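Right, one structure below, let's go through it.
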Amino acid sequence: MKACVLQSPASIDSSPLAFIDVPVPEPGPDEILIRVHACGVCRTDLHVVEGELPPRKQPVIPGHQVVGTVTRTGAATRRFAVGARVGVAWLHRTCGVCEYCRSGRENLCDAPAFTGYTVDGGYAEYIVANERFAYPIPDGFSDMAAAPLLCAGIIGFRSLRVSGIQPGGTLGLYGFGAAAHVAIQVAHHWGIRVFAMTRDERHRQLARELGAAWAGAADAQPPYLIDAAIIFAPAGELVVSALRALKKGGTVALGGIYMSAIPPLDYNLLYHERVIRSVANNTRRDGEDFLRIAAEIPIHTQVQEFPLAEANAALRMLKHDAVRGAAVLRV
Ligand SMILES: [Zn+2]
Ligand SMILES: [Zn+2]
C-alpha cells in the first residue's frame, strides 16, 4: 500500500514524510482492517513530524482522524461487519485495568496507544484499529467532512466540557483552526456567545462568518470579560492574555498536547478561583457524545482537501496558518 512514512522527526520545511510502498498491516484478533478514504491533518501530527513530541515509534505513519470502510475483521471481533463505515481517532486503545481506566478516565490511561504516534496512523491506504475504539460514522457526513470531527471535533468538544462553559455564557477561543471552527458551532448550539482571538486575519474572517460576536488579534482583550476560555494555539503566553480576560471563578482550558512555556504569572491574575486546566486525549464517551451532537446540529466542517501524497504540503500550510478550517487528505 501507499503511505506517508516518517523515518525521523525533522522540520516540515524539509518534507520529512516519504510517500512510499509499505506492507498492508495485518489485523490482530480484536482488530479490524480499514481501507482509508480520508484522514484529517491535525496540529498534533505536526508536533510528531517535527519532534516536539518525542518519537515513540520509528518509522511511523502519522494521522489520527481516519474515515474508511472495514475490509477484514479479526477472529475475535463482532462489532463491525465488512463494509461498515468507521472512524479511528487518537486514542488507539487503553489498558483497561489502571486506576484511570477503572474510574471512567481512560483518557489518562497509564499505558495507552495513540494512533499515528505510538502505532501507525491514517496517512496510508490501510490502517488497523481495535474494534472497541473505532466509531461508527453518522450517515449525514461525507468521508471528507467527517474526518476533522475525529480529533478537532472531539477534542474541541472535550475542551468545551472541561472549560465549564454554561448555556448563555461568553467564551473566548484562542486560535481559530480546525478545532475552533467546530467548537464554535457546538457553542452556538448551546446559546453561548463566542469571541475569537487569533493571529491570522483569514482565521478572524472565518470566525466572523461562523458567527463569532467579535474577532481580534491573538493577544487582544475581548470587548467583555469571558466566563471561560479555550486555548487551541500552542503559545504559552496566551494563558496570560486569557486570564486577563477571564471573570472570577472562570476556567482557561488548554486544548493542545504541546504548548510553549507559560510565562510567570502575577498571582492576582489567577486569584478569585480562576482555574487553568489542560485537556488530555478523550474518552470514548466524549467521542460518542460528540458524534451524536455533531449529527444533530448538524456541524458543517470546512475542509481544504489534499491528495495523500501531498501530506508534507498540508502540514506546511497548517504550520503557517494557511488552512481555512481543516486540512484533510483524500486517500
Ligand atoms: Zn489504563
Ligand atoms: Zn489531533
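Counting convention: from 1, in listed order, for ligands and their atoms alike. Model, not experiment: these values are computed from the prediction.
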query: Who pairs with Arg285 by salt bridge (charged side-chain N to carboxylate O under 4.0 Å, His left out), at least two apart in sequence or on another chain?
result: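 Salt bridge (charged side-chain N to carboxylate O under 4.0 Å, His left out) list for Arg285, sorted by chain: Asp289.
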field: Around the Zn ion (ligand 2), number of protein N/O/S atoms which are nearer than 2.8 Å
entry: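 Count of protein N, O, S atoms less than 2.8 Å from the Zn ion (ligand 2): 3.
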message: Less than 3.5 Å apart, any donor N or O on the side chain of Ser15 or Arg316 sitting next to an acceptor on the other?
response: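 The criterion, which ignores hydrogens and geometry beyond distance, is satisfied for Arg316 and Ser15.
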field: Minimum heavy-atom distance between Leu17 and Asn312, given as atom pair plus value
entry: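 The pair with the smallest heavy-atom distance is O-ND2, 2.8 Å.
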Would you call [X] and [Y] a salt bridge, using N to O less than 4.0 angstrom?
X      : Y      : value
Lys57  : Asp120 : yes
Glu131 : Arg78  : no
Glu201 : Arg208 : yes

message: Taking the cut-offs as 6.0 angstrom to the six-membered ring centre and 45 degrees off its axis, would you call Arg56 and Tyr117 a cation-pi pair?
response: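 Yes, a cation-pi geometry holds between Arg56 and Tyr117.
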- prompt: More than 12 non-hydrogen atoms from neighbouring residues, nucleotides or ligands closer than 6.0 Å to CD on Gln58, yes or no?
  reply: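 More than 12 within 6.0 Å, yes.
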message: Quick test of your reading: applying side-chain hydrogen bond (donor to acceptor under 3.5 Å, both in side chains), list the pairs with at least one residue in residues 95-109, sequence neighbours left out, ordered by first then second residue.
response: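 Listed by first then second residue: Ser103-Arg105, Glu106-Arg284.
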- prompt: Sorted by chain and residue number, which protein N/O/S atoms are under 2.8 Å from the Zn ion (ligand 1)?
  reply: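 Hits for the Zn ion (ligand 1) below 2.8 Å: Cys95 SG, Cys98 SG, Cys101 SG, Cys109 SG.
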